[in-house]
Amino acid sequence: SRGLGDVYKRQTQEEMQEKHIPVFISENGTDIVQVGTVLHPMNDDHYIMFIETISEDKNCVHLQYLHPGQEAKMLLEKKIGKMKAIEIRNKYLNFFKNHGHAVIPSAPVIPENDPSVLFTTAGMQPLVPYLLGEKHPEGTRLTDFQKCLRTNDIDEVGDNRHLTYFEMLGNWSLGDYFKEESIAMSFEFLTKELGIPVEKLSVTCFAGDKDCQRDEVTASCWKKAGIPEDRIYYFGKDDNWWIAGEEGPCGPDTEMFYDTGKPACSENCQPSCDCGKYVEIWNNVFMEFFKTKDGKYTKLKQHNVDTGLGLE
């Protein structure tokens with residue numbers, strides 16, 4: 001690898017944690033791998049960083065900085081391991097448990113006491129009474145993985161990101177926290193727990209209409225978390241408004257997208273494209289409205305947060 005870069009730094013795990021560098025340890029407990037874009041310690045160029053080796057006592061690692069060329073990309077692809085679905089699920093539940101959320105069990109795929117749907121299609125459906133103000137026995141902060149069957153968008157099945165059956169990872173605030181804390185936790189989970197580089201993330205917000213104003217608050221929260229303004233987009237109800245059916249609790253949402261690295265399809269390529277460059281990975285719904293059968297929107301008794309991260 002000496003044509004790619006030969007600058008090494010020696011750091012302890014404590015030093016890495018102080019710099020908020022996430023660490024992944026493989027199953028055999030000996031290999032640590034981390035990928036990110038960093039400033040080279042000896043010049044101002046951006047380099048790809050990975051952890052090459054770990055000492056036998058697991059207290060020290062060697063960092064190598066590689067110029068982000070094709071050779072470095074190929075080398076990194078050989079070193080990066082994949083995380084199993086159960087690991088992602090457990091990381092998610094434990095993360096929100098550590099942030100004061102009660103872990104609740106998944107409801108059945110065939111709904112109980114809900115004649116409006118044949119199957120559970122979204123994580124929030126079993127929680128509708130609590131989103132409307134009923135007190136949940138486990139409190140105001142909840143998290144779970146909900147077994148779901150895709151129905152209303154079943155035509156999407158067959159691409160690289162939609163399955164007929166899937167688990168929806170979710171966390172809820174029932175009149176507790178709202179936009180700022182929700183976004184801060186989502187950003188922390190994606191970048192710290194999963195180690196996704198910030199430069200790979202883009203987000204969308206509600207553009208506003210006659211029913212609800214433009215969501216500048218959410219955009220401001222993303223900027224504060226660390227997403228630059230040029231990767232924050234605004235779209236209308238078709239893209240950034242969520243409701244489970246024709247009637248019920250609803251509100252503007254913010255969606256998180258992963259940049260796959262594919263070339264842009266055009267000068268106007270952005271997260272709402274279907275070209276495959278951007279893949280939606282998480283959706284935070286800020287439920288503050290109720291839509292009636294006649295299409296009118298009224299305010300809910302409480303502000304809720306309903307998030308969904310499809311584990312497919």
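Because the structure is predicted, anything quoted here is derived from the model rather than measured.
Side-chain contact check for Asp215 versus Phe286: some heavy-atom pair is nearer than 4.5 Å. Residues Glu255 and Pro271 form no side-chain contact, since every pair of their non-hydrogen atoms from C-beta on lies 4.5 Å or further apart. Two residues are said to be in side-chain contact when any heavy atoms from C-beta on lie closer than 4.5 Å; Leu190 and Ile281 meet this criterion. Using a 4.5 Å cut-off on side-chain heavy atoms (C-beta onward), Tyr297 and Cys250 make contact. Contact of the Leu142 side chain with the Tyr130 side chain is not registered, since no non-hydrogen atoms from C-beta on lie closer than 4.5 Å.
A continuous path of ILVMFWY side-chain contacts below 4.5 Å connects Trp282 to Ile196, so both sit in one hydrophobic cluster. In the hydrophobic cluster analysis, where Ile, Leu, Val, Met, Phe, Trp and Tyr join through side-chain heavy atoms closer than 4.5 angstrom, Val198 is grouped together with Val203. Residues Leu311 and Met185 are members of one and the same hydrophobic cluster, defined by side-chain heavy-atom contacts under 4.5 angstrom among Ile, Leu, Val, Met, Phe, Trp and Tyr. Criterion: ILVMFWY side-chain heavy atoms under 4.5 Å apart, direct or through other members. Under it, Leu93 and Met83 are part of a common hydrophobic cluster. Under the 4.5 Å side-chain heavy-atom criterion for ILVMFWY residues, no single connected hydrophobic cluster contains both Met168 and Val305.
At distances below 3.5 Å, at least one donor-acceptor pair connects side-chain atoms of Thr120 with backbone N or O atoms of Pro108. The closest donor-acceptor contact from the side chain of Ser220 to the backbone of Glu216 lies at 3.5 Å or more, if one exists at all. In this structure, the side chain of His99 engages the main chain of Phe95 through a donor-acceptor pair within 3.5 Å. Between the side chain of Thr260 and the backbone N or O of Gly276, at least one donor-acceptor pair lies under 3.5 Å. A donor-acceptor pair under 3.5 Å is formed between the side chain of Ser106 and the backbone N or O of Lys147. With hydrogens and angles disregarded, a donor-acceptor distance shorter than 3.5 Å links the side chain of Gln146 to the backbone of Ala107. At distances below 3.5 Å, at least one donor-acceptor pair connects side-chain atoms of Arg231 with backbone N or O atoms of Leu201.
Residue-environment remark: CD (Gln213) stays at or below the threshold of 12 foreign heavy atoms within 6.0 Å. More than 12 heavy atoms of other residues, nucleotides or ligands sit less than 6.0 Å from atom CD of Glu156. Taking a 6.0 Å sphere around CG of Asp274, one finds it holds 12 or fewer heavy atoms contributed by other residues, nucleotides or ligands. Under a cut-off of 6.0 angstrom, the local environment of CD in Glu229 is sparse, with at most 12 non-hydrogen atoms contributed by other residues, nucleotides or ligands.
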Exercise. Decide side-chain contact (heavy atoms from CB on, under 4.5 Å) for Leu194 and Phe189; before the verdict, give the C-alpha distance in whole Å, the side-chain angles of both, and the deciding distance to 0.1 Å.
Key: CA-CA 6 Å; Leu194 298 187; Phe189 180 76; 3.6 Å; yes
Pair Ser272, Tyr233 - check side-chain contact (heavy atoms from CB on, under 4.5 Å), show working. CA-CA 9 Å; Ser272 69; Tyr233 300 82; over 6 Å; no
**Request:** For the pair Lys301 and Leu132, evaluate side-chain contact (heavy atoms from CB on, under 4.5 Å) and give the outcome as yes or no after the intermediate values.
**Result:** CA-CA 7 Å; Lys301 297 179 180 178; Leu132 297 178; over 6 Å; no
- Could you walk me through whether Ile104 and His136 pass the side-chain contact (heavy atoms from CB on, under 4.5 Å) check? CA-CA 11 Å; Ile104 60 174; His136 194 284; 4.1 Å; yes
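A salt bridge is absent between Arg161 and Glu312: the closest approach of a Lys/Arg side-chain nitrogen to an acidic carboxylate oxygen does not fall below 4.0 angstrom. Arg89 and Glu167 are joined by a salt bridge, as a carboxylate oxygen and a charged side-chain nitrogen come within less than 4.0 angstrom of each other. We find that Asp211 and Lys291 are not joined by a salt bridge, their nearest charged nitrogen and carboxylate oxygen being 4.0 Å or further apart.
For the side chain to side chain donor-acceptor pair (under 3.5 Å) with Thr307, the qualifying choice from Thr143, Asn283, Asn171 is Asn171, the only one to do so.
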Which pairs would a plain distance check flag for residues 240-248, meaning a side-chain donor or acceptor within less than 3.5 Å of a matching protein atom at least two apart in sequence or in another chain?
from: Asn240; atom 1: OD1; to: Thr204; atom 2: OG1; distance (Å): 3.3
from: Asn240; atom 1: ND2; to: Thr204; atom 2: O; distance (Å): 3.4
from: Asn240; atom 1: ND2; to: Thr204; atom 2: OG1; distance (Å): 2.9
from: Asn240; atom 1: ND2; to: Asp253; atom 2: O; distance (Å): 3.1
from: Asn240; atom 1: ND2; to: Asp253; atom 2: OD1; distance (Å): 3.0

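The structure places CD of Glu280 at 9.5 Å from CG of Asp239, a figure rounded to the nearest 0.5 Å. Rounding to the nearest 0.5 Å gives a distance of 4.0 Å between CE of Met287 and CG of Asp306. Atom NZ in Lys299 sits 4.0 Å away from atom CZ in Phe289 (nearest 0.5 Å). Taken to the nearest 0.5 Å, the SG atom of Cys273 stands 8.0 Å off from the OH atom of Tyr278. Atom-to-atom distance recorded for Ile183:CD1 and Lys224:NZ is 11.0 Å, nearest 0.5 angstrom. If you take CH2 on Trp172 and OG1 on Thr140, they are separated by 14.0 Å, rounding to the nearest 0.5 Å.
Residues passing the ring-ring contact (aromatic ring centres under 6.0 Å, His included) test with Tyr177 are His101, sequence neighbours excluded.
Defined by atom type and a distance below 3.5 Å, a donor-acceptor pair is present between the side-chain atoms of Ser182 and Asn284. Neither side chain, Asn152 nor Thr121, offers a donor N or O lying under 3.5 Å from an acceptor on the other. A donor-acceptor pair shorter than 3.5 Å can be found between the side chains of Trp222 and Thr254. A donor-acceptor pair shorter than 3.5 Å can be found between the side chains of Thr292 and Asp294. Side-chain atoms of Asn304 and Gln302 form a donor-acceptor pair, as typed in the model, at a separation below 3.5 Å.
Residue Pro252 comes nearest to Cys212 through the heavy atom pair CG-SG, 4.2 Å, listed as atom of the first residue, atom of the second, then distance. Contact record, Pro249 with Met124: CG-CE, 4.2 Å, taken as the closest heavy-atom pair. Pairing each heavy atom of Ile232 with each of Pro228, the nearest pair is CG1-O, 3.5 Å.
At least one cation-pi condition fails for Lys179 and Phe206: the charged atom is not both under 6.0 angstrom from the six-membered ring centre and inside a 45 degree cone around its axis.
The aromatic rings of Phe96 and Tyr92 sit tilted, their planes meeting at an angle between 30° and 60°.
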